[in-house]
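Chain naming here is simple, since letters A, B, ... match the order of the sequence lines and numbering starts at 1 in each.
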Protein chains: 2
Amino acid sequence: MRPEFKYEKEIAGTANARNRKQEQYRKIVSFLYETGNASIAEIVKHSKISQPLVASLVDDLLGFGVLLDNGIGESIGGRRPNLYCINPAYQYVVGVDINLHTLTIALFDLSNQLIRREEYKNFDLENSSAYTDKLVGKINDVLNEKNISTSQVLAMGLSIPGLIDAKNGVSFTHLTFAEQGLGNYLSEKLGFSVVLDNDARMMALGEKAFGKAKGKKDVLCLNLSNRIGLGIILNEQLYSGKNGFAGEFGHILIDPEGEQCYCGKIGCLETLTSGEILVRNVNEGIEKGQASFLRQAKDEGKSIDLREVVAAINNGDQFAIDQLNKMSDYLGKGLVTLIHLLNPEMIIIGGRLAQTGKYIVDPVRMALNKYAMDRISSETEVVCSDLIDDAALMGTLSNVMKEVLRIS
Amino acid sequence: MRPEFKYEKEIAGTANARNRKQEQYRKIVSFLYETGNASIAEIVKHSKISQPLVASLVDDLLGFGVLLDNGIGESIGGRRPNLYCINPAYQYVVGVDINLHTLTIALFDLSNQLIRREEYKNFDLENSSAYTDKLVGKINDVLNEKNISTSQVLAMGLSIPGLIDAKNGVSFTHLTFAEQGLGNYLSEKLGFSVVLDNDARMMALGEKAFGKAKGKKDVLCLNLSNRIGLGIILNEQLYSGKNGFAGEFGHILIDPEGEQCYCGKIGCLETLTSGEILVRNVNEGIEKGQASFLRQAKDEGKSIDLREVVAAINNGDQFAIDQLNKMSDYLGKGLVTLIHLLNPEMIIIGGRLAQTGKYIVDPVRMALNKYAMDRISSETEVVCSDLIDDAALMGTLSNVMKEVLRIS
DNA sequence: TCATCTTTTAAAATATTTTTTAAAAGTATT
DNA sequence: AATACTTTTAAAAAATATTTTAAAAGATGA
């Protein structure tokens, strides 16, 4: 059950004519979604539909309640134009971000406003209908609370870790129990379409639509938390590879003489760079007597996790910063390979480690200076995400809009 | 001067209507180019233009001489359909492949038939108008010989090594003297449009349109000759990166403890794998007394180059094969990185070393088994190109058709 | 072998879209 | 404040495409 943009009930005429009209409606709505606000004349220019026809289509959409009159704009030398915008409350989009231990549900209106955001910690992911039942319950709670019926939901976007066949809405790693595929399964339970994809890719989409990748053509989005994920945007599009396996950046070869990775191979990037490795190295150092802010917690028998290490770094803990620097050098080596192969405009660092800001960006940049061909690497910006924890969630919204409105 | 698909003289009406008609003509011609042969009914199905209109447009195109009646097709249960095809001799495409020491000029008709192919050895590339004057002369010779006027040339495609801004037709590495950009410069001299791009990318386009990448979505095309080039097809499209630098596969890091590369960095793939390295290693071995078919030539004071090494390998020379095996292992390591990042459907080995066939494919596959995650690498086929020396040339044809007919 | 069913093409009727023309509502300038 | 100039919108006229209907040509099966 893929989402569609349709007003079938309202339109008469033959099949072909209806389709054409639908396409014209979609063009107009999608343009208004992107610009927020436009006059008839601007729509004409963009849509290449004639002015009288645009006027009549906009009229229809006003009648349906899809569009709103948005006052009168500034003139540039003549009659002041009437402006139109999408009715933000005409429909809503549900965004769901499933993580191993945390569930986040968001509700967006058609002006991309976050109406509601609910985060459920210790909502442990398990492969059972019990889990999806709870999930569906939580989603319905959010909708009920805002008094939104299923027919008012344009579609739901879902971000989930692991292997995904996005086209058919099938998850191979988690929630695999549903025979018809996770997307269809949830869709049936919920009563509206569900669009899903892998978390790293959703983060990339989020950055492309609402973050620092906006307007960029070729961007790589790193998800640096306990492990390493990579979402790839090439030629303005999300790239997934033949089977949706693209982006296994954590398992490219960095050190042929290195340790064995959990994947079985020797010297993968993830044996040298990841939140887990950082935490391990910090713990080992402290056990060996290294001075650090984290010593006290350790002495109290608390286990130190990534959250604490990041906090220590941001508090200027020299030892933790040293460990991050070491790690970032390897990360830089890995990124050099990406840059040489893909010549991206920008690399965005996201995930928990992005919260260290300059503490990770600066050593990565240093590593690029050292290991990359300058001609190529000087074309690539390296920045931290500013979407904090919401990149994937925003990505689900963008994914829904892409499907429904076929935004570029 | 970008190529356009136009029959302006023949069409009346207002600007907008003319444009629409042009677009409809283009749709039909492009469909016939791809299928070779189709009935009105098939065009209707594909173009989503109504049957009476398609009939009238095809009529126009027959009148212009663009299309030909191609007899009557097989019925599938009713009246036998009239078939139409592009008039192969309506226009021609010139394809030019510039290499450092060799120039190849080809002439194609609109059915992709190679009408003429001229190869000029020792046609050394130099950055001067003298070179382009000679080039233009050779092209005109070929056209004159076949009695083809400039107006009968749809456009010319050009493949050239080095850095290229394909969009604006500017070459940054070779033939940089022309102020208006190489494409425009040649265009003015020749009297028809010129479309140009980098040689590795043209090889990839050639494979996509006419070689083993046909119908595939994500394919990597290696150009293995003296150096290493990589042409990348992702989501069915050629990928160039932000500045057209994408595909610097030869300079990804393989061995942090390795030799210094000519690019300045340590341990690049090209310090371990390339035609040059293979030739060097073979020569060194023979100097040290290694038995080989190549010993005789060496003793006679002839310098052994890549062509000879490839021949020796194909004759079963054990030493040369050993050296190739060693090299292929490194190449495999590099390809693992590509596979993990991009999850391609297929990797095509082209260039001079592709002529060793199984001698290179088998050890590369072995290396993939060893170094790559099976789940991902088992999805990727590794094959040798079967376009021999013409991949880039065929790519220029495809590039022209892409520009003019906007083939998928 | 004839009647029925398909598919393809053509022509007439209908519907839609665009172009043209003009009016309305502003701005800028003298 | 009046005039000239723009831009935006609306309505009528013209052009264009689509649907419907029908005819032509061949396939299939009793």
Side-chain angles (χ1 to χ4, degrees), chain A residues 7-8 10-28 31-32 35 37-63 67-85, chain B residues 7-8 10-28 31-32 35 37-63 67-85:
Chain A
Y7 300 98
E8 205 159 350
E10 290 89 346
I11 301 179
T14 55
N16 212 321
R18 267 207 308 280
N19 275 342
R20 190 162 3 101
K21 204 152 213 175
Q22 293 289 357
E23 180 61 21
Q24 291 167 332
Y25 284 146
R26 193 197 55 72
K27 254 191 189 170
I28 293 174
F31 179 61
L32 284 171
T35 57
N37 210 12
S39 67
I40 298 263
E42 286 166 334
I43 298 173
V44 167
K45 219 172 288 167
H46 175 266
S47 66
K48 290 171 187 173
I49 306 171
S50 71
Q51 178 267 321
L53 183 52
V54 169
S56 124
L57 295 167
V58 166
D59 225 45
D60 293 349
L61 289 169
L62 286 168
L67 299 189
L68 289 181
D69 216 298
N70 200 26
I72 295 175
E74 282 307 294
S75 162
I76 46 171
R79 173 172 166 179
R80 298 173 67 183
N82 294 339
L83 298 179
Y84 302 92
C85 68
Chain B
Y7 300 98
E8 204 158 352
E10 291 89 346
I11 302 177
T14 55
N16 212 323
R18 267 205 309 277
N19 275 341
R20 189 161 4 98
K21 205 152 212 174
Q22 292 290 357
E23 179 62 21
Q24 290 168 334
Y25 285 146
R26 192 198 55 74
K27 253 190 190 171
I28 293 174
F31 179 61
L32 284 171
T35 57
N37 211 11
S39 67
I40 298 264
E42 285 167 335
I43 298 173
V44 167
K45 220 173 285 166
H46 175 265
S47 67
K48 289 170 188 174
I49 305 172
S50 72
Q51 177 268 319
L53 183 52
V54 167
S56 124
L57 294 169
V58 166
D59 224 46
D60 292 349
L61 289 170
L62 286 168
L67 299 188
L68 289 182
D69 216 299
N70 199 27
I72 294 175
E74 281 309 293
S75 163
I76 46 172
R79 172 172 167 179
R80 296 172 70 183
N82 295 340
L83 298 179
Y84 303 92
C85 68

**OP:** Nearest whole angstrom, please: distance from the P of C:dT17 to the NZ of B:Lys21.
**Re:** 18 Å
**OP:** Please tell me which of the listed nucleotides, D:dT18, D:dA10, D:dT9, lies nearest to the side chain of B:Pro52?
**Re:** D:dT18
**OP:** Would you indicate, yes or no, if D:dT16 has its OP1 or OP2 atom less than 4.0 angstrom from a side-chain nitrogen or oxygen of B:Gln24?
**Re:** no
Original post:
For B:Arg20 and D:dA17, is the shortest distance between a side-chain N/O and OP1 or OP2 below 4.0 Å?
Top reply: yes
Original post:
If you take all heavy atoms of A:Ile43 and A:Ala38, which pair is closest and at what distance?
Top reply: CG1-CB, 4.2 Å
**OP:** Would you jot down, in residue-number order, the residues of residues 39-47 of chain A having a non-hydrogen atom under 4.0 Å from DNA chain C?
**Re:** none
**OP:** Could you check how far CD of A:Glu23 sits from P of C:dT17, rounded to whole Å?
**Re:** 13 Å
Subject >> Interatomic distance where CG belongs to A:Leu53 and C1' belongs to C:dT18 [whole Å] >> reply: 9 Å
**OP:** Start with the C-alpha gap between A:Arg26 and A:Glu23, add the side-chain angles, then the distance that decides, and say whether salt bridge (Lys or Arg N to Asp or Glu O under 4.0 Å) holds.
**Re:** CA-CA 5 Å; A:Arg26 193 197 55 72; A:Glu23 180 61 21; 2.7 Å; yes
Original post:
Does any non-hydrogen side-chain atom of B:Leu68 lie less than 4.5 Å from one of B:Tyr84?
Top reply: no
Subject >> A:Asn82, nearest nucleotide to its side chain (from C:dT27, D:dT9, D:dT19) >> reply: D:dT9
Original post:
What integer distance in Å separates B:Gln51:CD from C:dT7:P?
Top reply: 15 Å
Original post:
Rounded to the Å, how far apart are A:Lys48 NZ and C:dT19 C1'?
Top reply: 18 Å
**OP:** Rounded to the nearest angstrom, tell me the gap between atom CG in B:Leu57 and atom P in D:dT16.
**Re:** 12 Å
**OP:** Can you sort out the partners of B:Gln51 under side chain to side chain donor-acceptor pair (under 3.5 Å), two or more places apart, ordered by chain and number?
**Re:** none
**OP:** Please name the residue in the list A:Asn82, A:Asn37, A:Leu32 that meets the side chain to side chain contact (heavy atoms under 4.5 Å, CB included) test with A:Asn70.
**Re:** A:Asn37
Original post:
Whole Å only: how far is the CD1 atom of A:Ile49 from the P atom of C:dT18?
Top reply: 7 Å
Original post:
Out of D:dG26, C:dT18, D:dT19, which has the shortest distance to the side chain of B:Arg80?
Top reply: D:dG26
**OP:** Mind checking the OG-CD spacing from B:Ser56 to B:Gln24? Nearest 0.5 Å is all I need.
**Re:** 8.5 Å
**OP:** Determine the minimum heavy-atom distance between A:Val54 and A:Ser47, stating which atoms define it.
**Re:** CG2-OG, 3.9 Å
Original post:
Can you tell me how far P of C:dT17 sits from CD1 of A:Ile28, to the nearest Å?
Top reply: 11 Å
Subject >> Least distance between heavy atoms, A:Leu62 atom then A:Asp69 atom >> reply: CD2-N, 3.8 Å
Subject >> pair B:Lys27-B:Leu57: side-chain heavy atoms closer than 4.5 Å >> reply: no
Look for any protein N or O under 3.5 Å of an N or O in nucleotides 3-6 of chain C and output each such pair with its distance, or none.
residue	atom	partner	partner atom	Å
C:dT6	O4'	B:Gly77	O	3.0
C:dT6	O2	B:Gly77	O	2.8

